[in-house]
Amino acid sequence: RNISSMLSSVACLLSLLQIGVSFQTATKPHASTAMFSTLEEAPVKQAIEYPKYTEDELKAALDSLLEGSSDPSYDGRHLFGFGDPEHKLSKLQAITATRILDYEAYLADPNSPSEESLRGKIEEFWAEHGPILSLQKVIQGQSPRMALAAEFKRASPSKGDIAVHLNAGEQAQKYAGAGANIISVLTEPRWFKGGLDDMTEVRLQTTNQQYERPAVLRKEFTTHKYQITEAIAAGADTILLIVAVLPQHLLKELIDHARSLGMEPLVEVHADSELDVALEAGAKVIGVNNRNLHTFQMDLHTTEHVAELLTEKGCQFDHSDPNSEYTICSLSGMSTAFDVNRYRRINVGMCLIGESLMRAADPSVAIQGLCLDPADFEAATMVAGGAYTAGTKIVKICGITNPEDAEVACRAGANLIGVIFVPKSKRCVTADQAKSIVHKVRAFGERTGPLTLSKSEQESPLNQMVANAHSVEDVARRPLVVGVFQNQSPEFIREMVEECGLDMIQLHGDEGMEAANESLYGVPAIRVVDIETDPETGLAAEGAAEKLLDSVTKDPVAILLDTSIKGAANGGGTGVTFDWSIAEKVQNAGLPVIIAGGLTPENVDEAVMSTRPWGVDVSSGTEASPGSKDHEKVRTFISSARQAAIEASK
C-alpha cells in the first residue's frame, strides 16, 4: 500500500502523528515527550477529528499482516472471514486495521522516535524507576490467592463512555492499594479514549509505594514490534497480543520480540483454533476472553472450556506451582466473588476485571468484595445461621415500560429490571413491550438467552434464603428481567415467561409462599410480603416480623417486603414506606430481604444505612410520570444506594 494514497495532505499526516499513539489532551503533550511526567488530575479531553479509512483500505491493512508468511493459508487459518472476499469486517477487525494504518502513518514520519531511540529510553526508564516485571512470575507468586488485573478503561465500543473523567494514576493507586497485582491500561484512543500517557502515569504512580508494585499491562491492538518496544519505553511490563487478529507467524515474531526485551506477553484466545495457534507460537501466559470480540457475545464457560482443552493437550498449568509451564487467565465478564471462585476451582491464576471497577463508587471496597483469597470467600459465603450482615447487594428498578428506560437503569448499575403484567397497574406492559425490554437488557449484558441460578439445597428455609441470595448476586452481575404478577394463574405466568424470555418473576398477590415454587413457572420467583402499616403512626402491626419468619418456606428465591396500608383493600405498590425496623428484625434472624415501598433518591441512603437490606426496589420514586422514568432520578437512586451500602459496611 502506498501511504500517500491515503493521506490527502501533509497536514493530515501531522494529525496522525498526534493521534496515532496517544489520545491527546488539552494539558498533555504527546506520550513520547511526556512519558516521564506526572499529573495531579485528569485533564479535559479535546475533541479530535480522526482520519477515516475506507472498507477496502481496512481490509488491505489486515491482509498486510500475512506478508512475510511462508504459508499464509496455514498462518491465517483461524482468522475470522479468512479467504472470503465478501467478508464484512467485525468491529475487532475494523479497530485493528485502523490502528495498523495509524501506525503506518506515524512511523513514516521522520520525527517519530526510532526503535533504537526507544531502546535507549527503556534503559533510562529502568534505571530511574526500576526494571520490568515478569507477568507469569507475578501471577504465579500470588497462590493461593487469585491474582487480579484491574483495568483502567475510559470507554468501550459496546458500552460507550464508562468513566472518561477519571485520572489513570489515581485510579491505579486505588486498585493497587486494595490488592490488584496487575494494572491493565487501554491505550487505544478512538474507541477506548486511552493513551500511552495514561499507562505511564499508572506506572509512575504505583512505583515506590507501601504496596508491592503491580505489573503494568498495555492493552492495545498490537500488530507491530514497534508497539512493544514503545510500550516498554513508556513503562509497560507486559502487552496484550490478540490471536483473533494475528496470523501465527506474526504472533510468534511478536512473542519472540517481547521476550528479547525481557517481557512475557499476555496472549489472548477465544476459539479452539486460536488456542492451537497460541501454543504453536510459544505462548506461556494464556488469557481467555469470554467475550467473542467479533460478535460481542459473552459466555463465561469459555474459560472452563479452554482449561479442559489445555488439560487434554497435556499442557500443565497449576496456580499453586511457581514453576508452572503455563498460566491461564480469564479476561472478561467477571465482577463478583462467585466469578473469581468459579475460576479458582479450575486453576485459573488471574482474573481481569474492568468495567465494574471503573463504575464502582469505591473500587477498593469492590476489590475486597471479590474475595481473592479462598479463605475470604469461604468466610463470606458460609451458610451457618445467625444475622444477615452482608449489606445491600441488589438494586431493582421496577415499573419499566420501554427499552430506553431499561438501558438507562442497566447502565446506571441496576441488577434487576422489573416489568409489570398486572392489568390494573398504570405501568402494565404488553407481551411485545416486555420482549423489547428483554431484548435490550440481554444486549446490554451481552447474552442471547435467559440466565439461570445455581441453587444449592439447604436444610432450613432461612439458610436456603441466604444461599439463594448468594446465587442471585452471582447471576445478577448482568441485569435480569423480573416479571411482576398479582393473583394471576400459573399457566398465564408461565406463558409470559416463555414468550417474553423473563429471567425471574415476582408474585405480588395473596397466593402464599408455596405458590413461589420454581417448578410452576420454570424460573425462580420472588415472594412479596406486605407489611401492614398504620398510616398514622407508620408502625407495623405487632408481631409482624415473627409472623413473617414463621411463614417462610424454601419455595421462593427471595423475599421482598412492601407496604400494606391498614384497612386498604389491596397491598403493595402504595408508594408509602413501611416500618423499616421489621426488615432489620428479620435480617437479624438470618433472613436477607429486599425492601420496597416509598423509596426515593432522597431517602434510599437512609434506608440502606439504617437497615442494610440485601436489596432495594423502587418504581414510582424514580418516575417523571406513571410508566415513564426520570433518568436522572434513576441514576441518583442507584448511585445513592451503592454509596450508602459502602458507608454502611464501614
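FYI, the numbering just counts along the sequence from 1. Side chains included, hydrogens not; waters and symmetry mates left out as well; all remaining heavy atoms used.
Of all the heavy atoms in Pro157 and Trp191, the pair that sits closest is CG-CB, 3.9 Å. The two residues Asn415 and Ala476 have their closest heavy-atom pair at ND2-O, 3.1 Å.
Salt bridge present: Glu511 and Arg527 bring a charged side-chain N and a carboxylate O closer than 4.0 Å. Between Lys554 and Glu457, at least one side-chain N (NZ, or NE/NH1/NH2) sits under 4.0 Å from a carboxylate O, which counts as a salt bridge. With salt bridges taken as basic N to acidic carboxylate O contacts below 4.0 Å, one links Asp198 and Arg154. Between Arg359 and Glu355 a salt bridge is recorded (basic side-chain N to carboxylate O distance below 4.0 Å).
A distance-only check finds a donor-acceptor pair linking the side chain of Asp503 to the backbone of Leu451 [under 3.5 Å]. A donor-acceptor pair under 3.5 Å links the side-chain atoms of Asn402 to the main chain of Asp405, judged by distance alone. In this structure, the side chain of Thr392 engages the main chain of Pro613 through a donor-acceptor pair within 3.5 Å. A donor-acceptor pair is defined here as one N or O able to donate and one able to accept, closer than 3.5 Å; such a pair exists between the side chain of Thr401 and the backbone of Gly627. Between the side chain of Asn603 and the backbone N or O of Thr600 there is at least one donor-acceptor pair closer than 3.5 Å. Although no hydrogens or angles enter the test, the distance criterion places no donor-acceptor pair under 3.5 Å between the side chain of Asn292 and the main chain of Gln297. In this structure a side-chain-to-backbone donor-acceptor pair under 3.5 Å is missing from Lys585 to Glu546.
Each salt bridge (Lys or Arg N to Asp or Glu O under 4.0 Å) pair with one or both residues in residues 613-627, not counting sequence neighbours, appears once here: Lys396-Asp617, Arg427-Glu623. Applying the salt bridge (Lys or Arg N to Asp or Glu O under 4.0 Å) test to residues at least two apart or on different chains, none of the pairs has a partner in residues 586-601. Residue pairs meeting the salt bridge (Lys or Arg N to Asp or Glu O under 4.0 Å) criterion with at least one member in residues 293-307, sequence neighbours excluded, are Glu304-Arg342. Counting only residues at least two apart or on different chains, the ring-ring contact (aromatic ring centres under 6.0 Å, His included) pairs with a member in residues 404-440 are Phe421-Phe485.
For Asp630, the side chain to side chain donor-acceptor pair (under 3.5 Å) test picks out no residue, with sequence neighbours left out. In this structure Lys393 satisfies the side chain to side chain donor-acceptor pair (under 3.5 Å) test with no other residue, sequence neighbours excluded. The side-chain contact (heavy atoms from CB on, under 4.5 Å) search around Arg291 returns Asn289, Leu293, Phe296, Met298, Ser332, Glu446, not counting sequence neighbours. Contacts of Glu499 classified as side-chain contact (heavy atoms from CB on, under 4.5 Å), with partners at least two apart in sequence or in another chain: Ala431, Lys435, Glu495, Met496. Partners of Asn468 under the side-chain contact (heavy atoms from CB on, under 4.5 Å) rule, at least two apart in sequence or in another chain, are Lys455, Gln464, Met465, Val557. Applying the side-chain contact (heavy atoms from CB on, under 4.5 Å) criterion to Ser335, with sequence neighbours excluded, gives Asp339, Ser356, Arg477. Remark: Lys633 engages no residue in a side chain to side chain donor-acceptor pair (under 3.5 Å) (not counting sequence neighbours). Here Arg442 pairs with nothing under the side chain to side chain donor-acceptor pair (under 3.5 Å) rule; sequence neighbours left out.
Side-chain atoms of Tyr343 and Met334, non-hydrogen and from C-beta on, do get closer than 4.5 Å to each other. Within the 4.5 Å cutoff, the side chain of Val484 has heavy atoms near those of the Cys398 side chain. Using a 4.5 Å heavy-atom threshold, the side chains of Trp614 and Val593 count as separate. In this structure the side chain of Val482 never reaches within 4.5 angstrom of the side chain of Ile417, judged on heavy atoms. Two residues are said to be in side-chain contact when any heavy atoms from C-beta on lie closer than 4.5 Å; Thr336 and Leu370 fail this criterion. Contact annotation: the side chain of Arg494 never approaches that of Leu520 to less than 4.5 Å [non-hydrogen atoms, C-beta and beyond].
Defined by atom type and a distance below 3.5 Å, a donor-acceptor pair is present between the side-chain atoms of Thr303 and Asn290. No donor-acceptor contact under 3.5 angstrom links the side chains of Asp432 and Thr430, judged on distance only.
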Please step through side-chain contact (heavy atoms from CB on, under 4.5 Å) for the pair Val419 and Val481, ending with a clear verdict.
CA-CA 7 Å; Val419 291; Val481 180; 4.0 Å; yes
Between Glu407 and Arg411, does the salt bridge (charged side-chain N to carboxylate O under 4.0 Å, His left out) criterion hold? Intermediate values first, please.
CA-CA 6 Å; Glu407 183 174 17; Arg411 288 187 178 278; 3.3 Å; yes
Give the C-alpha distance, both sets of side-chain angles, the deciding distance and a yes or no for salt bridge (charged side-chain N to carboxylate O under 4.0 Å, His left out) between Arg145 and Asp376.
CA-CA 10 Å; Arg145 186 180 181 273; Asp376 293 338; over 6 Å; no
What do the steps show when you test Glu632 against Arg635 for side-chain contact (heavy atoms from CB on, under 4.5 Å), and what is the final call?
CA-CA 5 Å; Glu632 192 54 40; Arg635 296 185 188 99; 3.6 Å; yes
So Lys440 and Glu404, salt bridge (charged side-chain N to carboxylate O under 4.0 Å, His left out) or not? Walk me through it.
CA-CA 8 Å; Lys440 178 63 72 174; Glu404 293 73 27; over 6 Å; no
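Remark: Ile397 CD1 to Thr622 OG1 distance equals 5.0 Å, nearest 0.5 Å. The distance from the CG atom of Asn588 to the CZ atom of Arg612 is 10.5 Å, given to the nearest 0.5 Å. Taking CG from Leu549 and OG from Ser551, the interatomic distance works out to 7.5 Å, rounded to the nearest 0.5 Å. Remark: Lys219 NZ to Glu151 CD distance equals 3.5 Å, nearest 0.5 Å. Here Ile595 contributes atom CD1 and Ile559 contributes atom CD1; the two are 14.5 Å apart, rounded to the nearest 0.5 Å.
Ring to ring, Phe377 and Phe338 are close: their centroids are under 6.0 angstrom apart.
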